[in-house]
Amino acid sequence: MNFLDAAYHVLQAAGEPLHYTEIARRALERNLIDTEGQTPEATMGARLYVDTQTPDSRFRRVGRGVFALATPVQQPIARQINELNQAVRAQLRDRLQTMPPDRFEALIGELLIALGFAEDTIQVTNYRKDGGIDVRGVLKAGAIAEVKVAVQVKRWKNNVQAPTVQALRGSLAVDEQGVIITTSDFAAGAKREAQASAKARISLVNGEQLLDLLIQHQLGVKTETLTILSLDKEWWDDIAGIESNGAKQPVPSTTKPVPPPSPPPNPVPPLPMLHGGKVARMLIEAAERAIREGRIDAHTRIETGHARYLVNTEPMHKNGREFFSPRQLSNGLYIETHASKDYARRQVQLLNKWKGQ
């Protein structure tokens with residue numbers, strides 16, 4: 001099991017957010033992960049940090065180093081979207097039941113093409129004289145193999161029974177594989193017959209699976225993308241200096257207090273911190289270039305001052321704080337991509353000049 005799957009199982013069993021070190025500890029305790037690395041906690045943290053930056057992540061950050069399972073963005077919106085999708089599925093099911101028989105068979109031919117069958121091999125037979133076979137096609141796996149498929153479609157409301165499976169098997173050529181596609185479902189006997197040993201196996205696609213395939217390949221269906229905004233609480237907490245428990249981050253004391261410098265006559269407002277997007281790509285490309293040129297190896301640490309690392313063997317700064325927005329490089333190192341544009345440009349210059357240690 002990989003680290004992300006293990007984290008999902010641990011968080012699901014815990015029912016509450018956990019720090020990534022605790023997630024790693026429980027995963028190791030339950031033998032969910034088998035790693036020879038010496039820092040499974042750091043690896044778990046980095047994988048979770050990177051994954052939560054993807055739109056379809058199963059996780060969300062709820063504090064510094066603390067993760068929970070992803071929840072629907074907004075329950076009312078999620079419920080409305082689900083209701084709309086179910087309504088479209090019902091409309092699609094009705095269209096399949098009422099469209100002319102020859103057009104239904106032609107639709108299945110289009111679906112086979114969308115699934116990767118060679119277009120020039122698709123043959124839709126005369127639906128009045130098809131002899132039990134409605135569509136034929138060939139699925140080509142490059143120049144290695146070809147699979148000839150004979151499809152029978154059943155636009156029924158009642159479940160398909162075992163005799164239908166037997167009849168299709170009897171109509172197959174020696175080198176053909178059979179498929180039955182129905183708008184209804186298959187009886188238990190039909191499923192057993194399709195998988196019977198010592199006989200040619202018949203693939204079965206029921207009504208719900210047919211709808212899924214049509215939606216997936218957007219045949220008669222189109223998708224619309226909606227953008228929902230939400231604040232990145234951890235990002236703002238980091239800017240404000242707030243720990244995950246809501247307390248202000250302590251300011252290190254000094255033996256000799258230093259008075260603050262006088263502000264310039266025309267103070268320039270600080271640049272906003274950015275993470276991800278162009279800034280991340282700029283830093284990652286510079287680091288990967290240094291790796292390809294042999295200037296950064298798997299043990300390199302690049303310090304930027306103030307007890308902070310730009311590149312480290314684990315997603316953690318010299319002062320013990322985790323990287324805020326880590327990305328893993330091709331050689332296993334981690335790079336901090338949380339930076340303003342100007343600061344990131346300076347770090348790119350540092351990477352470009354880096355000669356190794």
Side-chain angles (χ1 to χ4, degrees), residues 4-5 7-9 11-13 15-17 51-62 67-117 122 124 127 134-135 137 149 151-161 164-165 179-192 194-195 202-231:
L4 293 179
D5 287 342
Y8 184 85
H9 283 280
L11 288 171
Q12 193 174 46
E16 61 180 354
D51 187 77
T52 53
Q53 295 172 6
T54 62
D56 56 349
S57 175
R58 292 176 290 172
F59 310 95
R60 58 188 175 93
R61 288 180 288 177
V62 297
F67 297 86
L69 294 179
T71 55
V73 179
Q74 294 182 24
Q75 289 294 343
I77 294 178
R79 183 169 58 252
Q80 292 174 21
I81 291 174
N82 182 64
E83 291 173 353
L84 288 171
N85 289 341
Q86 292 303 318
V88 171
R89 289 179 72 92
Q91 294 170 14
L92 181 58
R93 189 181 296 108
D94 291 341
R95 292 295 183 106
L96 294 178
Q97 292 288 2
T98 57
M99 68 189 301
D102 57 335
R103 298 308 304 156
F104 181 65
E105 294 178 3
L107 173 63
I108 299 304
E110 292 295 322
L111 176 59
L112 293 183
I113 294 173
L115 290 170
F117 283 73
I122 299 298
V124 180
Y127 76 97
D134 299 304
V135 185
V149 173
V151 181
Q152 187 176 67
V153 297
K154 294 295 183 184
R155 197 164 46 159
W156 292 354
K157 292 185 178 180
N158 296 325
N159 288 347
V160 177
Q161 303 294 324
T164 302
V165 178
V179 179
I180 299 177
I181 300 177
T182 182
T183 53
S184 57
D185 205 347
F186 297 92
K191 295 177 182 178
R192 287 194 298 269
Q195 300 297 320
I202 305 295
S203 299
L204 306 178
V205 179
N206 66 19
E208 290 302 313
Q209 293 168 325
L210 175 58
L211 293 180
D212 290 339
L213 290 172
L214 293 174
I215 292 170
Q216 177 184 346
H217 296 282
Q218 298 192 36
L219 290 174
V221 177
K222 62 181 180 180
T223 60
E224 298 178 2
T225 302
L226 302 177
T227 301
I228 300 175
L229 303 179
S230 62
L231 285 178

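Quick note: numbers below take in every heavy atom, side chains included, and nothing from hydrogens, waters or symmetry partners.
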Look up atom [atom1] in [X] and atom [atom2] in [Y], then write down how far apart they are to the nearest 0.5 Å.
X      : Y      : atom1 : atom2 : answer
Arg103 : Arg95  : CZ    : CZ    : 13.5 Å
Met99  : Glu105 : CE    : CD    : 10.0 Å
Thr183 : Gln97  : OG1   : CD    : 4.0 Å
Ile181 : Leu96  : CD1   : CG    : 11.0 Å
Leu92  : Leu210 : CG    : CG    : 7.5 Å

Name of the residue among Val151, Leu112, Ile108 meeting side-chain contact (heavy atoms from CB on, under 4.5 Å) with Ile122: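 Of the listed residues Val151, Leu112, Ile108, the side-chain contact (heavy atoms from CB on, under 4.5 Å) partner of Ile122 is Leu112.
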Who pairs with Asp212 by salt bridge (Lys or Arg N to Asp or Glu O under 4.0 Å), at least two apart in sequence or on another chain?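 Here the qualifying residues are Arg89.
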Those residues that, when tested against Arg60, pass salt bridge (Lys or Arg N to Asp or Glu O under 4.0 Å) (two or more places apart):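 With sequence neighbours excluded, Arg60 shows a salt bridge (Lys or Arg N to Asp or Glu O under 4.0 Å) to no residue whatsoever.
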Tell me, which pairs form a salt bridge (Lys or Arg N to Asp or Glu O under 4.0 Å) where one or both residues lie in residues 213-222, sequence neighbours left out?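 Non-adjacent pairs meeting salt bridge (Lys or Arg N to Asp or Glu O under 4.0 Å): zero.
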Return the set of residues passing side chain to side chain donor-acceptor pair (under 3.5 Å) with Thr164 (not counting sequence neighbours), or none when no residue passes.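 Counting only residues at least two positions away or on another chain, Thr164 forms no side chain to side chain donor-acceptor pair (under 3.5 Å).
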How close do [X] and [Y] get, counting heavy atoms only, and between which atoms?
X      : Y      : value
Asp51  : Thr54  : O-OG1, 2.6 Å
Val160 : Trp156 : CG2-CE3, 3.9 Å
Ala187 : Asn159 : N-CB, 3.9 Å
Phe59  : Leu4   : CZ-O, 3.3 Å
Ala68  : Val62  : CB-CG1, 4.0 Å

Is the shortest side-chain heavy-atom distance between Gln216 and Leu111 below 4.5 Å?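 Of all side-chain heavy-atom pairs linking Leu111 with Gln216, none is under 4.5 Å.
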Going by side chain to side chain contact (heavy atoms under 4.5 Å, CB included), name the residues that satisfy it together with Ala190, two or more places apart in sequence or in a different chain.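 With sequence neighbours excluded, Ala190 shows a side chain to side chain contact (heavy atoms under 4.5 Å, CB included) to Val165, Phe186, given in chain and number order.
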Between Asp134 and Lys154, does a salt bridge (Lys or Arg N to Asp or Glu O under 4.0 Å) hold up when you go through it step by step? CA-CA 10 Å; Asp134 299 304; Lys154 294 295 183 184; over 6 Å; no
Atom CG of Asp94: over 12 foreign heavy atoms under 6.0 Å: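 Yes.
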Take Leu214 and Leu107 through the test side chain to side chain contact (heavy atoms under 4.5 Å, CB included) and record every step on the way to the result. CA-CA 10 Å; Leu214 293 174; Leu107 173 63; 4.2 Å; yes
For side chain to side chain contact (heavy atoms under 4.5 Å, CB included), just list the numbers for Val135 and Val179, CA-CA rounded to whole Å, side-chain angles, deciding distance to a tenth of an Å, and then say yes or no. CA-CA 10 Å; Val135 185; Val179 179; over 6 Å; no
Side chain to side chain contact (heavy atoms under 4.5 Å, CB included) between Asn206 and Gln209, worked out: CA-CA 5 Å; Asn206 66 19; Gln209 293 168 325; 3.2 Å; yes
Residues which pass ring pair (Phe, Tyr, Trp, His ring centres under 6.0 Å) with Phe67, listed by chain and number, not counting sequence neighbours: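 Ring pair (Phe, Tyr, Trp, His ring centres under 6.0 Å) check on Phe67 returns Tyr49.
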